[in-house]
Q: 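My questions all concern the structure below.
Fair warning: this is a prediction, and the values are worked out from it, not measured in the lab. The figures here come from the full heavy-atom set of this structure, side chains too, leaving out hydrogens, waters and symmetry mates. First the proteins, then the strands, lettered A, B, ... as listed; each starts at 1.
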Amino acid sequence: MIQNLPDENLIKSYLLGDLSENDQDQIQARLFTDPEFFEGLLIIEDELTDDYAFGLLSDPERRKVERRFLVTPQQRQKLSLATALRKYSSESVLKNTSQAFIDYEARLKPFETRRSIFPRFLSRLFPHNRFRKRLSNTDVSIQKKPGSLWESRAAEAQANRNLLASLINKDWLGLHLLAQLRSSSPSTIMELASNIEVSNVDIALILNKLVQCHLVDKQQRVFSCTQLGAEILEKIEKATGVSLNP
Amino acid sequence: MSFKEGINQIKQITEACNLNILVWGPGEGGLEHHEKRQKLQRELRECFRNADVRFSEDLNLNDVLTGAGELNLPNQELWHLAACDICVVLDTSKGAGEEIAHFVGSNLAHKLLILTHEKYKASTSFPAALREYQNQMFYNDLQYDSCSLVEYVLTRVRTIALGKLFGMSV
């Protein structure tokens, strides 16, 4: 049963991995069906990235952020932006513009009140070309690397198992969806559900896992097979001698 | 061939994979826990009909390894672990951790699936990394008594089998 928390706390708990597996699944299903909730997740994600860059998280929270969601190139890029701001902005600049921030935030909608405004602040403070040059020289490595050889192997094995599990779960529904997406043009959940005759919720859950493993790409509400997804399918077909082309 | 037929074939091929599976845990003195270990062995053999599912005490290295008789038990078990695809450990008592601590920091640790009762969650001595990389999982009484713990193990072994089929480190 999902904890009865306001949406913001719920999303934060989800991002930090504090929810049970059942609750996580329900959140993931809701992300696909509730656009406002999904938008909220993007905002909270930005906030956590900013809080991380500015050292505002507790140690346990920081570790959770490093482990759970600062792992994709896009998320690392956001962190680079926030960290560059911290590095290059001075106290006096922030102090002088604090009133401007207060005024700016007051004009935002309620859910956006805490939205990260630092990227917008940055674009007003620094000339675009100088900032971009500095950013390109900023290399923030935030992904927690396993500390020893056995941890490295365990981490690699877990990543591979998660990828394979995304194909096997729900009676191999993931593999079916991936094969379907490879053979057809990008599809919505409804289109996939009509072809496969499985509930939208199950499809949403499994698609989310496939997206997390980078086997499937999601653009707005449309899903397509990635190059990695196609490569994995080819490997499976080669290893088993079974073709998954219709 | 339809998708469904193709996937069914892949499923069968996966479950027919040649796997070496170890099941560690309480011996005959462990009563119901020993029965659970035996049940796990039966279920694994039934699902993966070409798998070799053994308890360590069933394995004799002397036939295959010169000087194996001079190895102490932990080192013999290290050989077993090296030869297996997955080692399921029923961690049913507080002291069980000391027996497998020998292997936990080795580069074979990724093969372990340690199943620990949740009442030992606070006192477990295994590195946090094992839990982080899902090599140690906690179960409750309901899961232990029902089929869900066994089903969890079967699902894990399926991923191991699929990974082994096309050479992925799992």
Side-chain angles (χ1 to χ4, degrees), chain A residues 17 21 60 63-64 66-68 144-184 192 195-198 231-246, chain B residues 1-17 81 85-87 102-114 118 126-138 140 143 148 151-152 154-170:
Chain A
E21 202 171 316
R63 281 193 289 274
K64 285 176 189 176
E66 285 169 358
R67 197 167 56 232
R68 288 199 49 91
K144 181 172 184 275
K145 290 191 168 68
S148 61
L149 179 60
W150 79 264
E151 285 187 42
S152 297
R153 293 198 71 172
E156 182 193 351
Q158 189 219 9
N160 288 339
R161 286 197 306 266
N162 283 346
L163 186 146
L164 296 173
S166 73
L167 300 172
I168 291 177
N169 285 347
K170 298 275 182 196
D171 198 20
W172 299 76
L173 176 59
L175 183 61
H176 195 161
L177 286 168
L178 193 63
Q180 184 79 45
L181 287 171
R182 183 181 66 170
S183 68
S184 64
L192 289 167
N195 283 329
I196 296 180
E197 294 174 3
V198 172
E231 285 171 9
I232 293 294
L233 281 173
E234 268 178 48
K235 278 189 178 178
I236 292 175
E237 286 170 326
K238 195 174 172 183
T240 59
V242 175
S243 170
L244 288 172
N245 287 310
Chain B
M1 187 191 299
S2 70
F3 280 127
K4 220 166 186 175
E5 286 163 349
I7 287 166
N8 273 338
Q9 279 197 14
I10 290 171
K11 184 179 171 185
Q12 286 171 19
I13 289 168
T14 302
E15 292 179 354
C17 185
L81 189 59
D85 296 299
I86 178 171
C87 177
H102 183 66
F103 316 105
V104 156
S106 73
N107 63 359
L108 301 171
H110 66 283
K111 297 189 182 191
L112 295 169
L113 174 58
I114 303 169
E118 62 180 9
F126 297 129
L130 275 188
R131 291 180 286 290
E132 186 175 338
Y133 303 125
Q134 295 177 341
N135 294 107
Q136 182 181 22
M137 306 295 286
F138 295 98
N140 55 36
Q143 289 163 328
S148 59
E151 193 50 48
Y152 179 84
L154 294 179
T155 302
R156 173 67 70 96
V157 177
R158 281 191 195 98
T159 61
I160 303 295
L162 188 59
K164 189 175 180 182
L165 272 178
F166 55 89
M168 244 181 175
S169 169
V170 283

Q: At under 4.5 Å between heavy atoms, what parts of residues 164-171 of chain A are in contact with chain B? List them by residue number.
A: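 Expected list: A/Leu164, A/Ala165, A/Ile168, A/Asn169, A/Asp171.
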Q: Rounded to the nearest 0.5 Å, what separates atom CD in B/Glu132 from atom CZ in A/Arg63?
A: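 Rounded to the nearest 0.5 Å, the CD-CZ separation comes out at 10.0 Å.
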Q: Donor-acceptor pair, B/Arg156 side chain versus A/Arg161 backbone, under 3.5 Å?
A: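 No.
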Q: Could you tell me which non-hydrogen atom of A/Lys235 sits nearest to which non-hydrogen atom of B/Phe166, and how far apart they are?
A: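 Heavy-atom minimum between the residues: CD-CD1, 3.8 Å.
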Q: With respect to A/Ile236, which candidate in B/Ile13, B/Ile10, B/Ile7 satisfies the side-chain contact (heavy atoms from CB on, under 4.5 Å) definition?
A: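 Option passing the side-chain contact (heavy atoms from CB on, under 4.5 Å) with A/Ile236: B/Ile10.
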Q: With a 4.5 angstrom heavy-atom cut-off, could you sort out which part of A/Glu237 is near chain B: side chain, backbone, both or neither?
A: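 For A/Glu237, neither part sits under 4.5 Å from chain B.
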Q: Side chain, backbone, both or neither: which part of B/Ile160 has an atom under 4.5 Å from a heavy atom of chain A?
A: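 For B/Ile160, side-chain heavy atoms alone lie under 4.5 Å from chain A.
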Q: Tell me, with the steps shown, if B/Lys11 and A/Val242 meet side chain to side chain contact (heavy atoms under 4.5 Å, CB included).
A: CA-CA 11 Å; B/Lys11 184 179 171 185; A/Val242 175; over 6 Å; no
Q: Please give me the minimum heavy-atom distance between B/Val170 and A/Ala157, naming the atom from each residue.
A: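 Shortest heavy-atom separation between B/Val170 and A/Ala157 comes out as C-CB, 3.5 Å.
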Q: Counting heavy-atom pairs under 4.5 Å to chain B, which of A/Ile196, A/Asn160, A/Asn162, A/Leu175 comes out on top?
A: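 Ranked by heavy-atom pairs under 4.5 Å with chain B, first place is A/Asn160.
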Q: Please round to the nearest 0.5 Å and tell me the distance separating atom CZ of B/Arg158 and atom CH2 of A/Trp172.
A: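 It is 8.0 Å, given to the nearest 0.5 Å.
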Q: Among residues at least two apart in sequence or on other chains, which ones pass side-chain contact (heavy atoms from CB on, under 4.5 Å) with B/Glu5?
A: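 Listed in chain order: B/Met1, B/Ser2.
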Q: What residue, out of A/His176, A/Gln158, A/Gln180, A/Lys238, has the most heavy-atom pairs lying under 4.5 Å from chain B?
A: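 Highest number of heavy-atom pairs under 4.5 Å: A/Gln158.
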Q: Could you go through B/Asn135 and A/Trp150, starting from their C-alpha distance and side-chain angles, then the distance that decides it, and tell me whether this counts as side chain to side chain contact (heavy atoms under 4.5 Å, CB included)?
A: CA-CA 12 Å; B/Asn135 294 107; A/Trp150 79 264; 5.7 Å; no
Q: With rounding to the nearest 0.5 angstrom, report the CD to OG1 distance, B/Gln12 to A/Thr240.
A: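 So the gap between those two atoms works out to 11.5 Å.
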Q: Rounded to the nearest 0.5 Å, how far does OG of A/Ser152 lie from NE2 of B/His110?
A: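 If I round to the nearest 0.5 Å, the distance is 12.0 Å.
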